[in-house]
Amino acid sequence: MERGNQSEISEFILLGLSDQPEQQRLLFCLFLFMYLITGLGNLLIMMAISCDPHLHTPMYFFLSNLSLVDIGFTSTTIPKMLNNHISRNRTMPHAGCLTQVFFFIWFGGIDSVLLTAMAYDRYVAICNPLHYKTVMTPKVCAFLILISWSWACGNALTETLLLTRLSFCGHSEIPHFFCDLSALLKLACSDTFINDLVVNTVGALIVFLPFIGILISYAHIFMAVMKISSVSGKQKVFSTCGSHLTVVCLFYGTVIGVYFSPTSTHTTQQDIAATVMYTVVTPMLNPFIYSLRNKDMKRALRMLIPRKLRFIRRL
């Protein structure tokens, strides 16, 4: 199909993180290491929670789902990047690019809503401890998980379907290691007004509404903590929320910095660095954040690892 003197492109070229051979080898090893650590760490979290009856609580139910989503989140982008490096082929078909955009937005949206569900769980546990078991029932937890997956899927499907109406011609190079939505919109040679409108309204809702929910939950938690007279009691409450707050700051800080701040305030390199933080680094750090600061999780992992090693020896 022709548009003026330009033909519509059918594939994109992912420029990656660097065009220097030495840096490419280093980045390949680094991203492979981080991907393996992410997969192994989150898998261990899921296995520890499923094998330890003491961890069959709403908080760990949400955490196991977060670990599953983090594995999917990193698997959407990193394997393709590693394959591009090995094959020396940086091209991505148009359909493959849209598929990657869909799963990237989907898993990212689930992450956002799940973090809110975890904040609500901490709010009920700290502010209404006597009603915790009656409020956070298995049905309520399952409903929150269903909401996170379906809402994020609806948002991802909407934004991906709107991409299919665009034409891409001229430049096909994406200055990123995956098909980023904002980069694709910049390459389009047709009107992107509707796409930009949806990204800034519907897309923003799945980031800012959950974020506001987290802020409200922690505002109530903070007020409840201020009423506690003992220092040890306050420290205990903060220790149960510290891991979640750390993950929230890492995730939302980088997402808002990349997608919802004025483009004139940051460069492409800064955008890529921030994107790497929430797409690769944060999912890798989550298992360490939740396990190293959690006595129950450390106990479950100490019980799990020797059991699995004995099983491997038998094989």
Side-chain angles (χ1 to χ4, degrees), residues 8-46 66-111 152-153 156-157 159-160 163-164 166 168-188 251 254-255 258-259 268-287:
E8 186 172 350
I9 61 177
S10 60
E11 62 182 18
F12 300 95
I13 300 174
L14 301 174
L15 298 182
L17 299 175
S18 174
D19 56 358
Q20 301 296 323
E22 297 79 10
Q23 293 181 0
Q24 287 181 358
R25 286 191 288 268
L26 176 62
L27 289 170
F28 174 84
C29 295
L30 180 61
F31 273 72
L32 177 60
F33 173 76
M34 289 193 293
Y35 181 61
L36 294 176
I37 292 297
T38 300
L40 178 61
N42 283 289
L43 187 61
L44 283 174
I45 292 290
M46 295 167 59
L66 183 67
S67 295
L68 175 63
V69 172
D70 280 343
I71 292 174
F73 196 33
T74 54
S75 297
T76 301
T77 57
I78 299 181
K80 176 59 179 175
M81 189 199 81
L82 298 176
N83 178 70
N84 289 351
H85 179 85
I86 294 175
S87 64
R88 304 291 182 181
N89 181 13
R90 297 185 176 186
T91 61
M92 172 75 92
H94 182 271
C97 211
L98 294 185
T99 302
Q100 191 177 61
V101 168
F102 170 78
F103 283 103
F104 182 80
I105 297 175
W106 188 22
F107 285 124
I110 298 171
D111 253 342
C153 181
L157 191 61
E159 298 200 19
T160 306
L163 279 177
T164 61
L166 299 180
F168 298 91
C169 48
H171 295 292
S172 62
E173 296 180 343
I174 299 177
H176 224 308
F177 64 95
F178 68 98
C179 291
D180 182 57
L181 176 61
S182 59
L184 281 175
L185 293 179
K186 292 177 182 178
L187 291 178
F251 181 80
T254 51
V255 169
V258 172
Y259 294 105
T268 301
Q269 290 73 20
Q270 289 173 332
D271 282 348
I272 293 176
T275 305
V276 169
M277 278 297 298
Y278 78 86
T279 59
V280 183
V281 178
T282 300
M284 180 188 69
L285 293 179
N286 283 354

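Remember, predicted model here, so these are calculated numbers, not experimental data. Nothing fancy with the numbering, it's 1 onward along the sequence.
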Report the residues that fulfil side-chain hydrogen bond (donor to acceptor under 3.5 Å, both in side chains) with Ser67, sequence neighbours left out, ordered by chain and then residue number.
Asn42

Mind checking whether Ile110 and Leu66 have side chains closer than 4.5 Å, heavy atoms only?
no

How close do Glu173 and Pro175 get, heavy atom to heavy atom, and via which atoms?
O-CD, 3.7 Å

With heavy-atom distances below 4.5 Å as the criterion, would you say the side chains of Leu14 and Met81 are in contact?
no

Output the distance between atom CG (Leu30) and atom CZ (Arg25), rounded to the nearest 0.5 Å.
15.0 Å

Partners meeting side-chain contact (heavy atoms from CB on, under 4.5 Å) with Met277 (sequence neighbours left out)
Leu250, Thr254, Val281

Gap between atom CG of Leu43 and atom CG of Asp70 - 0.5 Å precision:
12.5 Å

Hey, are the side chains of Met46 and Ile71 touching, using non-hydrogen atoms and a 4.5 Å cut-off?
yes

Any disulfide (SG to SG under 2.5 Å) involving residues 77-108? Give me the pairs, sequence neighbours left out, ordered by first then second residue.
Cys97-Cys179

Please list, chain by chain and in numerical order, all residues satisfying side-chain hydrogen bond (donor to acceptor under 3.5 Å, both in side chains) with Gln24, sequence neighbours excluded.
none

OG1 on Thr279 to CZ on Phe107, rounded to 0.5 Å
14.0 Å

Partner residues of Phe31 under the ring pair (Phe, Tyr, Trp, His ring centres under 6.0 Å) criterion, sequence neighbours left out
Phe177

If I take atom CZ from residue Phe33 and atom OG1 from residue Thr38, how far apart are they, to the nearest 0.5 angstrom?
9.5 Å

Can you name the ring pair (Phe, Tyr, Trp, His ring centres under 6.0 Å) partners of Phe102, sequence neighbours left out?
Trp106

CG (Leu82) and CD1 (Ile78) are apart, to the nearest 0.5 Å, by 7.0 Å

To the nearest 0.5 Å, what is the distance between CD1 (Ile37) and CE (Met284)?
7.5 Å

Is it the case that the ring center of Phe103 lies less than 6.0 angstrom away from the ring center of Phe73?
no

